[in-house]
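Scroll down for the structure; my scribbles are underneath it.
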2 protein chains.
Amino acid sequence: MNDSKNTRSRILDVAEELFSEQGIDRVSIRDITAAAEVNLGAINYHFGSKEDLIAAVFERRIVPVNAARLVALQTVRESTRKQPRVEDILAAFIRPTVECSGGKARGERAFSKLFGRCLSEPSPEVEAMLKRQFEPLVEQLESALMMALPKLSRSDIFWRLKFTFGALHHWHLTRDKFLPAGLDPGDVEEQIQKLIAFTAAGFQAA
Amino acid sequence: MNDSKNTRSRILDVAEELFSEQGIDRVSIRDITAAAEVNLGAINYHFGSKEDLIAAVFERRIVPVNAARLVALQTVRESTRKQPRVEDILAAFIRPTVECSGGKARGERAFSKLFGRCLSEPSPEVEAMLKRQFEPLVEQLESALMMALPKLSRSDIFWRLKFTFGALHHWHLTRDKFLPAGLDPGDVEEQIQKLIAFTAAGFQAA
DNA sequence: GAATCATTCATACGTTCGTTTGAATTGGTT
DNA sequence: AACCAATTCAAACGAACGTATGAATGATTC
């Protein structure tokens with residue numbers, strides 16, 4: 001068990017959790033190193049700078065998620081010769097964001113919030129990274145949706161996809177917040193099905 | 001023309017624009033006072049602290065918007081004896097967020113981004129303020145939606161409303177970002193209609 | 001026109017931030 | 001045992017932060 005790897009990955013895990021909980025700007029590298037029980041200099045040694053750590057934290061999650069999305073999308077396209085189902089396309093887009101979180105418990109929640117937060121982080125570096133990571137995915141998504149919904153204009157596809165992004169990420173970000181008392185939130189699978197049903201119906205609106 | 005009022009409102013305007021553009025945590029009070037061309041001490045003098053300024057900036061916009069939403073919602077309920085239309089309820093929820101922005105141009109964009117940002121700000125103070133400002137509105141919204149869609153469970157209403165929140169706020173936050181080249185974004189009215197149509201269809205999903 | 005109040009101003013305080021430095025420590029190789 | 005590269009460590013750096021202070025300035029009232 002390499003000790004360096006331990007330090008590095010412990011920093012990544014702690015940073016992910018703190019970023020998820022408080023947002024990037026409210027977490028100092030001293031917060032991270034203290035919680036990870038590593039030396040203050042460890043972040044700059046292993047990652048170079050705070051910005052590089054931020055990129056590493058987000059990319060560690062987003063890269064495999066978007067890769068899984070592209071694979072799932074390709075599967076949908078291949079399994080249907082003519083028109084893919086909207087639900088299947090949206091499921092290919094939505095499901096990997098929960099399935100790639102690995103274990104459950106608080107690790108899952110941290111990832112979920114981190115993922116939800118990434119689209120609302122005001123940092124220009126994060127925004128540039130998002131654009132890079134999401135561009136090919138959005139392209140494939142739009143193309144698949146145009147096949148599934150040939151009546152829709154490019155503009156309609158674009159905006160409805162944006163609404164879907166918003167619903168998905170807001171769900172990730174606040175799924176354990178603002179819960180009214182006495183309402184059973186149900187399990188994750190239920191919530192995902194609700195989200196897919198909601199957005200699929202939105203796409204199929206007249 | 002009271003000079004104090006000028007300073008106070010100039011601070012509010014500048015703070016709103018900077019918060020919208022960069023997020024709360026990335027804007028220092030020195031940024032604000034410099035852009036507003038007022039003295040560094042002006043913020044602490046007029047508002048007490050940065051936290052109080054933040055609250056003032058958000059509440060100045062959210063209070064009238066949520067008030068207008070409640071009025072519009074009441075109008076919908078009164079104009080229909082039995083079942084209100086889902087589209088009308090959602091319009092009562094969505095339209096005030098653009099109509100209360102006052103003038104157009106960059107002022108509107110600043111308000112729009114500020115509004116989109118408020119739900120994703122990680123500050124606990126902002127979150128507490130949101131809960132206070134949105135609780136009565138959400139109550140009315142859920143009640144009206146249950147009348148319009150009696151087949152839906154409370155849980156369904158809750159989650160679909162959350163998805164709607166996400167779509168609305170993400171639209172506000174990024175409506176001039178990630179626009180693909182060669183796509184006419186259309187005007188605001190078009191986009192709102194698309195959003196209402198999308199979410200209304202989502203609510204009416206089987 | 002003197003006194004009183006609200007506002008503006010320049011300046012400084014203490015804290016926290018990201019980063020750097022150079023020495024100490026570790027683990028593996030010869 | 002000696003060496004070397006990788007890693008950890010304590011300490012310090014300058015910059016930026018929110019806030020506080022007391023003197024100047026302006027307007028209002030008597």
Side-chain angles (χ1 to χ4, degrees), chain A residues 1-59 114 117 121-129, chain B residues 1-60 117 121-129:
Chain A
M1 198 72 67
N2 194 342
D3 208 5
S4 140
K5 248 190 181 176
N6 271 341
T7 296
R8 220 188 106 96
S9 69
R10 203 154 65 237
I11 290 175
L12 280 173
D13 289 339
V14 168
E16 175 175 78
E17 177 154 357
L18 294 181
F19 286 161
S20 308
E21 216 61 48
Q22 311 174 28
I24 288 179
D25 293 321
R26 303 179 84 84
V27 177
S28 70
I29 68 167
R30 281 174 176 82
D31 292 333
I32 299 170
T33 53
E37 293 178 315
V38 300
N39 186 266
L40 173 61
I43 286 182
N44 289 287
Y45 175 77
H46 285 283
F47 298 93
S49 69
K50 190 188 181 185
E51 282 300 338
D52 293 327
L53 169 65
I54 294 167
V57 169
F58 276 98
E59 285 180 357
L114 180 85
R117 201 171 288 290
E121 274 296 336
S123 151
E125 290 85 0
V126 172
E127 192 180 314
M129 189 260 291
Chain B
M1 196 74 67
N2 194 343
D3 208 7
S4 139
K5 249 192 178 175
N6 272 340
T7 296
R8 221 188 104 94
S9 69
R10 203 154 65 239
I11 289 174
L12 280 173
D13 289 340
V14 168
E16 175 175 78
E17 176 154 358
L18 293 182
F19 286 159
S20 308
E21 214 61 48
Q22 309 173 31
I24 289 179
D25 293 320
R26 304 180 83 85
V27 177
S28 70
I29 68 169
R30 282 173 174 83
D31 292 334
I32 299 171
T33 54
E37 292 177 318
V38 299
N39 186 267
L40 172 60
I43 285 182
N44 289 288
Y45 176 77
H46 284 284
F47 297 93
S49 69
K50 188 188 181 183
E51 281 299 338
D52 293 326
L53 169 65
I54 294 167
V57 168
F58 276 98
E59 284 180 357
R60 179 172 69 142
R117 203 170 285 291
E121 274 295 333
S123 152
E125 291 85 0
V126 171
E127 192 180 314
M129 189 260 293

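Throughout, protein chains are lettered first and strands after them, A, B, ... in sequence-line order, and every chain is numbered starting at 1.
Regarding I29(A), its CD1 atom lies at a distance of 15 Å from the P atom of dT8(D), rounded to whole Å. Atom CZ of F47(B) and atom P of dT7(C) are 12 Å apart (whole Å). Atom-to-atom, CD1 of I24(A) to P of dC17(C) comes out at 16 Å; the value is rounded to the nearest Å. Put simply, CD on E125(B) is 14 Å from P on dG18(D), counting in whole angstrom units. Nucleotide dC17(C) holds its P atom 12 Å from the CD1 atom of I43(A), rounded to whole Å. The separation between R8(B) atom CZ and dT8(C) atom C1' is 16 Å, rounded to whole Å. If you take CG of D25(B) and C1' of dG18(C), they are 16 Å apart, rounded to a whole angstrom. Regarding I32(B), its CD1 atom lies at a distance of 11 Å from the P atom of dT19(D), rounded to whole Å.
Under the salt bridge (charged side-chain N to carboxylate O under 4.0 Å, His left out) criterion, E125(B) pairs with no residue, sequence neighbours left out. With sequence neighbours left out, A34(B) forms a side-chain contact (heavy atoms from CB on, under 4.5 Å) with no residue at all. In this structure E51(B) satisfies the salt bridge (charged side-chain N to carboxylate O under 4.0 Å, His left out) test with no other residue, sequence neighbours excluded. Partners of A56(A) under the side-chain contact (heavy atoms from CB on, under 4.5 Å) rule, at least two apart in sequence or in another chain, are L12(A), F47(A).
Two residues are said to be in side-chain contact when any heavy atoms from C-beta on lie closer than 4.5 Å; N44(A) and I29(A) meet this criterion. By the 4.5 Å heavy-atom criterion applied to side chains, I24(A) and V57(A) are not counted as neighbours.
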Enumerate all atom pairs, one protein N or O and one N or O from nucleotides 9-16 of chain C, separated by less than 3.5 Å.
| unit_1 | atom_1 | unit_2 | atom_2 | d |
| --- | --- | --- | --- | --- |
| dC9(C) | OP2 | N39(B) | N | 3.4 |

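A side-chain hydrogen bond (donor to acceptor under 3.5 Å, both in side chains) check over residues 25-36 of chain B, counting only residues at least two apart or in different chains, returns the pairs D25(A)-R26(B), R26(A)-D25(B), S28(B)-D31(B).
Between T7(B) and the phosphate of dT8(C), there is a side-chain N or O to OP1/OP2 separation shorter than 4.0 Å. For the OP1/OP2 pair of dA6(C) and a distance below 4.0 Å, the side-chain nitrogens and oxygens of H46(B) include no atom meeting the criterion.
Taking only side-chain atoms of N44(B), from C-beta outward, the nucleotide of dA6(C), dG18(C), dT19(D) with the closest atom is dT19(D).
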